[in-house]
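A note on names: the letters A, B, ... follow the listed sequences, proteins ahead of strands, and every chain is numbered from 1.
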Amino acid sequence: MSVNNLSEFGLAKAVLAEAGLSRLDCVEILWDNYCHLDPGALAAMVARFSDRVSMHVMWSQFLERDAESWKAYLAQLRAHVRVLRPIAVSDHLCRFRSEALRLLIPQEHDYRALDHVCERVSEYQEALQQPLALENFASTEIHATRQIEFLDAVSARTGCGILFDVSNAVVGELNGLGPVDLWLQWLAGRTIQLHVGSYAFNEGSGLYHDTHNSDVSTETTRRLTEAMQVMRVTSVCYERDYQKTVASMAGDLRSIHAAVLA
Amino acid sequence: MTLEERVRRLTLKQIYQRQEEPSALPTHLLWQAPLAAAAPNDPVGVLSARMELAGRLWLRNLDLRFSRRLIISHCEEPLSYVFQRANLPDETNLVAGPSRVSLLRHGPTMFHLPIRFFESLETYDRTLFASF
């Protein structure tokens, strides 16, 4: 389960109680919302939920930072990692700019510039002193057909891991940009973390998008079960960012739990 | 229209507050977008709204800033905003303003505007916010 921001600790506790859970095997924090905190204080907050933590980063913009801000980012992250001692740190390959504009919604990477990506991932891992995991994108664009090949190359050259978001893979399949089976075949036998969230169809774009705003779909839980059968899964993280209610989130946790045990 | 073009249009409307991309945008962080796209001759009321939007974007922290407090202040008018991040579980972020005070009298201005900002690791006592 993820805890995304400070205003929702009470909600997260209520969801766990409703789902009949007291503590979790692992909790994931979206570090973006906690990067300004003293790491010791943050560790104490997270200990309310679990003894194990993983750190997820969305807006690092690590492929686009200039040298100075990249160095500052790594220093701050490293300070937190040394105290929190996460079981994993994960990030995304995305584009956050379009010419001079800063985009409000991250866009899918074009899966080019392999050398630059590998260089930054290597620097990331050197700073962390542990592997970085890269999350698969909920594909919406035609170049997504290169995603697996590109991630495979980055992983081979840098030793980075993969964070497999099951619902993102389902989105890619629904958008006609690659079947989930390809992901399952590629990742079979790997030691891996999983994400499970939700998606929605947008009439304006005519595409499915990763939204985290509704209940986990039956297709996602079906694919989750398949992933559990072929991968060595270390954790399954449930993500929900919008339309949060205790009842719906607890229901999602129960269906995810059932899919994991199926 | 491609997906990226849709996102550009949405971004321009929501954070740059423009229908079209300005001809020459200065280098800026995402939270600074409303001010980077402001016109020098925008009325104070328009600038005030852009200052507030910038601060609220700073609170969302899509730039991963490590600071905890942001002050944005007009140089020529008594007009300031203060934004402060939550620091404890179940706290909310704080916003104070528009306040008819000048909180920043020194320092560089932002872009081409009569506006200054100051980020700090320090925080105000939360009860102080009611007095701004």
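The two residues A/Ser205 and B/Arg6 come nearest to each other via the heavy atoms CA-NE, 3.9 Å. B/Asp90 and A/Ser7 get closest at one heavy-atom pair: OD1-O, 3.7 Å. What you find for B/Leu62 and A/Leu104 is that their closest heavy atoms are CD1-CD1, 4.3 Å. Shortest non-hydrogen contact noted between B/Asn87 and A/Leu37 is OD1-CD2, 3.4 Å. Nearest heavy atom pair, residue B/Leu64 against residue A/Trp31, reads CD2-CZ3, 3.9 Å.
Atom CG of A/Asp25 has 12 or fewer heavy atoms from other residues, nucleotides or ligands within 6.0 Å. Around CZ of A/Arg23, the count of heavy atoms belonging to other residues, nucleotides or ligands within 6.0 Å exceeds 12. The neighbour count for A/His116 NE2, taken as heavy atoms of other residues, nucleotides or ligands under 6.0 Å away, is above 12.
In this structure, OH in B/Tyr16 is found 7.0 Å from CZ in A/Arg102, a value given to the nearest 0.5 Å. We find the CG-OG1 distance between B/Leu3 and A/Thr140 to be 4.5 Å, quoted to the nearest 0.5 Å. With rounding to the nearest 0.5 angstrom, the CG atom of A/Asp32 is 10.5 Å from the CG atom of B/Asp63.
Residues of residues 19-29 of chain B lying under 4.5 angstrom from chain A, judged on non-hydrogen atoms, are B/Glu21, B/Leu25, B/His28, B/Leu29 in numerical order. Residues of residues 64-85 of chain A lying under 4.5 angstrom from chain B, judged on non-hydrogen atoms, are A/Arg65, A/Ala72, A/Tyr73, A/Gln76 by number.
Residue A/Gln107 touches chain B through its side chain alone, counting heavy-atom pairs closer than 4.5 Å. Interface remark: B/Ile15 contributes side-chain atoms only to the contact with chain A (heavy atom separation under 4.5 Å). Of the atoms belonging to B/Leu88, heavy atoms from both backbone and side chain fall under 4.5 Å from chain A. Using a 4.5 Å cut-off between heavy atoms, A/Val3 makes no contact with chain B at all.
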Take B/Leu30 and A/Phe96 through the side chain to side chain contact (heavy atoms under 4.5 Å, CB included) test and state the conclusion after the steps. CA-CA 10 Å; B/Leu30 191 145; A/Phe96 298 87; over 6 Å; no
Decide side chain to side chain contact (heavy atoms under 4.5 Å, CB included) for A/Ser98 and B/Val7; before the verdict, give the C-alpha distance in whole Å, the side-chain angles of both, and the deciding distance to 0.1 Å. CA-CA 9 Å; A/Ser98 176; B/Val7 172; over 6 Å; no
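For A/His56, the ring-ring contact (aromatic ring centres under 6.0 Å, His included) partners are A/His92, A/His195, not counting sequence neighbours.
Interface remark: of the candidates A/Leu101, A/Ile105, A/Leu42, A/Leu101 forms the most heavy-atom pairs closer than 4.5 Å to chain B. When each of B/Gln14, B/Met1, B/Arg68, B/Arg8 is checked for heavy-atom pairs under 4.5 Å with chain A, B/Arg8 comes out on top.
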Please tabulate, one pair per line, all N/O donor-acceptor pairs under 3.5 Å involving side-chain atoms of residues 38-49 of chain B, not counting sequence neighbours.
| residue | atom | partner | partner atom | Å |
| --- | --- | --- | --- | --- |
| B/Asp42 | OD2 | B/Ala39 | N | 2.9 |
| B/Ser48 | OG | B/Tyr81 | OH | 2.8 |

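Checking side-chain atoms of B/Glu4 against main-chain N and O of A/Glu108 turns up no donor-acceptor pair under 3.5 Å. Of the possible polar contacts, one joining the A/His36 side chain to the B/Ala86 backbone as a donor-acceptor pair under 3.5 Å is found.
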